[in-house]
Amino acid sequence: METRCPKRPTRRQFLSSVAFTVLAGSAAPVLARSISGSLPWEVRSADPPVQVRPGGWLFFTPEEVTTMEAVVDRLVPADELSIGGKEAGCVVYLDRQLAGFYGVSSRLYTSGPFLPGLPTQGYQKPETPAERYRAGLAGIDAWTRDNKGGKRFSELSPDEQDAVLKDLEAGKISISEQLDAKSFFNLMLSNTMEGFFADPIYGGNKDMASWKMLGFPGARYDYRDHVTKHNQPYPLPPVSIAGSTEWITR
Amino acid sequence: MTTILPRKDVVIVGLGWTGAILAHELTEEGLDVVAIERGPWRDTATDFNIGYAQDELRYAIRKDLFLQPVVEAMTMRNNTSQTALPMRDYGSFLPGNGVGGAGVHWNGHTWRFWDTDFRIADHLSERYGIGKIAELQLQNWGVTAQEMESAFDRFEYLAGISGRAGNINGQIQEGGNPFEDPRARDYPLPPMQMTYAPTLFAEVTRSMGLHPFPTPSANLSQDYINPLGIAMGQCTMCGFCERFGCANYSKSSAQTTVLPVLMKKKNFEVRTDSEVLHVDLDASKTQARGVTYVDTSGEEFFQPADMVLLCAYGLHNVRLMMLSGIGRIYDPNTGEGTVGRNYCYQTNSGAQVFFDDKNFNPFIAAGALGQTLDDYNGDVLDHGPLDFVGGAGVNCIPTNGRPISTRPTPPGTPRWGAAWKQATVKAYKATLGFSSQGSSYPTRGNYLDLDPTYTDRFGRPLLRITFDFPDNDIRMSNWVSDRLEEIAKTFGGRQYVVNRRKKGWDSVPYQSTHNTGGAIMGDNPATSAVNKYLQSWDVPNVFVVGASAFAHNAGKNPTGTVGALAFHAADAIRQQYLRTPGQPLVTA
C-alpha cells in the first residue's frame, strides 16, 4: 500500500499564514518582504515539484486522448530502442501541462493589439496552447474524415498517419481557419519531446525510458569521479528526481 | 495614495551582482542602504534545492527562475521600417528575476575586456585609419585596462574564479591566454579538470598553431573561502548550470559570495517583490529625490534617498532612466540624445563534429568548463587586410547533456519517427560542439527607446529594441566561421556542420543574454549617458551600473567586466563622491 505524507504547505502558504503580511496581487499573490539583519530561512519554505500521477484526464476529452495517443506513437514510435510515446506517458504529460500555467500562457505577455508579425518576432496570436490543442486535434480528425474515407486519425494505418503528419509538418494541409497547421505540428512535436525526455515526475518518460535509451544519467548531480575518464562509458544507470525504479523491491 | 517612507542614504534598484557589490561597499562606508528588488528572495538551500534543482523542464524549458513576460515584456524589430511587436515569450535572451538576478543562472565565463576595447575608437583609428570604422559608432569608454585592473582582480577573487593567467605583469605564462592584458597576479583557483571534448579541442587547435587555454570559470575547481570569509564548494560538473541555480555553492553569485555577509549588516535592508516604477527627480531635473515603487498589493511607496544606484539588468536600467526622465532619449535620425544609444548584442556562430568512435559523456559538464582561444578575437588579429573590425572568442565549452534541448543530429535527420530516434541515439554521446562568440559593434540604427503602443501591467511603455546584426559584424562572423570550419575539418570526424550567423536578428531561438549598451559610459556627455565612474551626466546623484554602460560588446562574456565596473564605481563613490555629494565627478 502506498503511504503518502500529508501535502506540505507551499512556501507562500506557509509564509502568509505565519510570518508575513499577505499582499494579494492580481493573478498569483506573492509577498512583498523586508529582510534585514540575517539571512532569512524558514523550514518547509521550499517549493518542490508536484509529481504527476497517471489516471484520469484534466484537460483532454476522450476523443482528444485517442487522437493524441496516436500522434505521439508516430512521433516517438515503439521499437528496439525504446517504448513508444503513448506507453511512455507523453499524453499524460501533455494533459497536465495543458491544464496548468503553460496551457493558459499565464506567464507570457498576452496584451493586445495582436498584429501579424514577422518570423523574427515570434508567436503573435492570442490563442493559448490549450486553445490550439482543442482546435488542432479536432481539425486533424475532421481533415482525415473528409479526406481518408470517414476515418479518424487514430483509425488510419501507421503509414497513413505518418503521411498526414508529414503533410502537417510541411504545411501542405489546412486543418482549421485560425490555426496554422505547421505551427501546430511544431507545438505538438516540441511538447511530445518535452514529455518523453523530461524527468518522469512530469508523467512522460516512464521508467526513464528515454534516458536509458540515450545513456543520460538524469539527476545524479556529481560526476567528479568520472570527469577525467575520457572516452569511457559512464557506469551508472539513471536516477530521477523521484529516485529510481530499481530501488523498489518488486 | 503614496506612502512616504523614512529617508535612506542610498537606494539600490535590483539586488543582483552589481547591487550586492555596491551595497557591500557602501555599507562598509557606514551608509544606510536599502535595495528594492522586483523579484523574490532566493537562497541556495531553499530555491536551488539539491533534491530537485536538476529539473530541465522546470528551469530550462519553463524558465522558472527568469523574468516572466507577464511581468515585463519588451518589443523588438530589426529596423525602423518595421513595427515593433512584443516578445510574448522571451527566447533570444532571458533576463533574470529575483535576488541574485541573472547571476543566479549564468554559466560563469569570467573575462576581462581588453585595453583595446576600452580605448577602441582611438586604438582602431590609430592602427587602421578612421575610415576603417566609419560605418560604426565606436566610442572610447573613458577608462583604460590599467585603471580597471584592480577592480577586475577584486571581482575575480570575490568570485573564486578558476583559471590560468596568461600574462602576469607582462610575463607570458605557459598554458594561459597569451593575448590577455597584463594582470597583477594569477587567478585565485587553478583551472577546472577538463572533460574529453575540450581536451581534444585543445590538442587539435594547438596542432594548428593556435593558443587554447582553460576558460576562466566561476564554477569552482576547488573549495574556496573568499575575501569576505564566505566558503564555497568544488563544482561537481552536474551539467545543470546555465538556467539553473547551483545547489552546491559552487557557482559564484551574489548568494554564494556576498549576501551571507551583507544580510547580517544592520545598515542594510532588501525589500523583495517590490517593483520600482521610476526615479523621482527634483524640479530642476538634476537631482534624484528617491524612487517610487509598488509592492504586490499595488500600494505605492516613495523611498527618499540621497543617492540612487540603478543596478537592475542593463535593459531595465535603460528603461528606468527613460521612464524617469534622466537624460535625453537617443534619436537615431539626428544621432542626438544618449539614453538608448549604442545597444549591442553578441554575434555568434557554431560548429558540430559528428564522430563514430568517441564517447564525450556530454552530461559531465559545467557552465564554464572548457577551452577558449583568442587568436581571432578583438584586435589580436591584424585587420589591415580584412574587410571588418572585431572578432570572436572560439569556445569549446560543452555545458550539458540535458536531453530535452541537447540532442544533436546530423543535417538531414528527420525530426521524429524511427529514423530520428536512431540518429539521436547515435549522435548523443559522439558529437563535439564548439562555437564563436563574436563582438557586436554599435551602429547609428541599433538602439533602445520606449514603445509607442505596448505597455506593462502598470500602463508604462515597454522597452523597444531596434536591432539587427551590422554588416561589419556579419563579415566578421563569416570570416571567423571559416576558421571554425578549418578546425572542424582537422578533427577528422565522420561529418561536420557549421551554422553561420545571418542578417535578421531572430528573437525566438536562444542566442545570448549579453544585451549591452543603452546607458553607455564615456568622456563626452553628448555621446554617453554616464561618465567614466558610471555617474549620470544629467543627474549626478544617480549611478547606473551594469552592462548598460558598455560602449560596445566584445567577443567575450560580459559579467567579469560588469563586476569590475561595480567595484570601479564603488571606489569612485567611496573615495571621491562622498566628499562632495551630489556633485559631478567629471566636469563636462
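Here is how names work: the chains are called A, B, and so on, in the same order as the sequence lines, proteins then strands, and each is numbered from 1. When reading the values below, keep in mind they use all heavy atoms of this one structure, side chains included, and skip hydrogens, waters and symmetry mates.
- Both the backbone and the side chain of B:Thr424 come within contact range of chain A, each with at least one heavy atom under 4.5 Å from a heavy atom of that chain.
- By the 30° and 60° cut-offs, the orientation of the rings of A:Phe216 relative to B:Tyr428 is perpendicular.
- Heavy-atom pairs under 4.5 Å with chain A peak, among B:Lys429, B:Lys358, B:Met87, B:Lys266, at B:Lys429.
- For chain A, the nearby part of B:Leu57 is the side chain; its heavy atoms alone come within less than 4.5 Å.
- Interface remark: B:Asn78 contributes side-chain atoms only to the contact with chain A (heavy atom separation under 4.5 Å).
- Chain A forms the most heavy-atom pairs under 4.5 Å with one residue out of B:Arg77, B:Gln422, B:Glu56, B:Met194, and that residue is B:Met194.
- For a residue to count as touching a neighbouring chain, one of its non-hydrogen atoms must lie under 4.5 Å from one of that chain's; by this rule B:Leu262 does not touch chain A.
- B:Thr195 touches chain A through backbone and side chain together, each having a heavy atom under 4.5 Å away.
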May I have the step-by-step check of side chain to side chain donor-acceptor pair (under 3.5 Å) for B:Trp505 and A:Thr120, ending in yes or no?
CA-CA 7 Å; B:Trp505 170 54; A:Thr120 57; over 6 Å; no
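- Using a 4.5 Å cut-off between heavy atoms, B:Asp468 makes no contact with chain A at all.
- Residues B:Asn400 and B:Phe240 fail the side-chain proximity criterion, which asks for heavy atoms closer than 4.5 Å.
- Interface residue B:Ile50: only side-chain heavy atoms are found under 4.5 Å from chain A.
- B:Asn361 touches chain A through its side chain: at least one heavy atom from C-beta onward sits under 4.5 Å away, while N, CA, C and O do not.
- Only the backbone of A:Tyr123 has a heavy atom closer than 4.5 Å to any heavy atom of chain B.
- If you measure heavy-atom distances from B:Gln234 to chain A, the contacts under 4.5 Å come from both the backbone and the side chain.
- For chain A, the nearby part of B:Ala84 is the backbone; its heavy atoms alone come within less than 4.5 Å.
- In summary, the side chains of A:Asn186 and A:Ser183 do not present any donor paired with an acceptor at a separation below 3.5 Å, with no hydrogens or angles considered.
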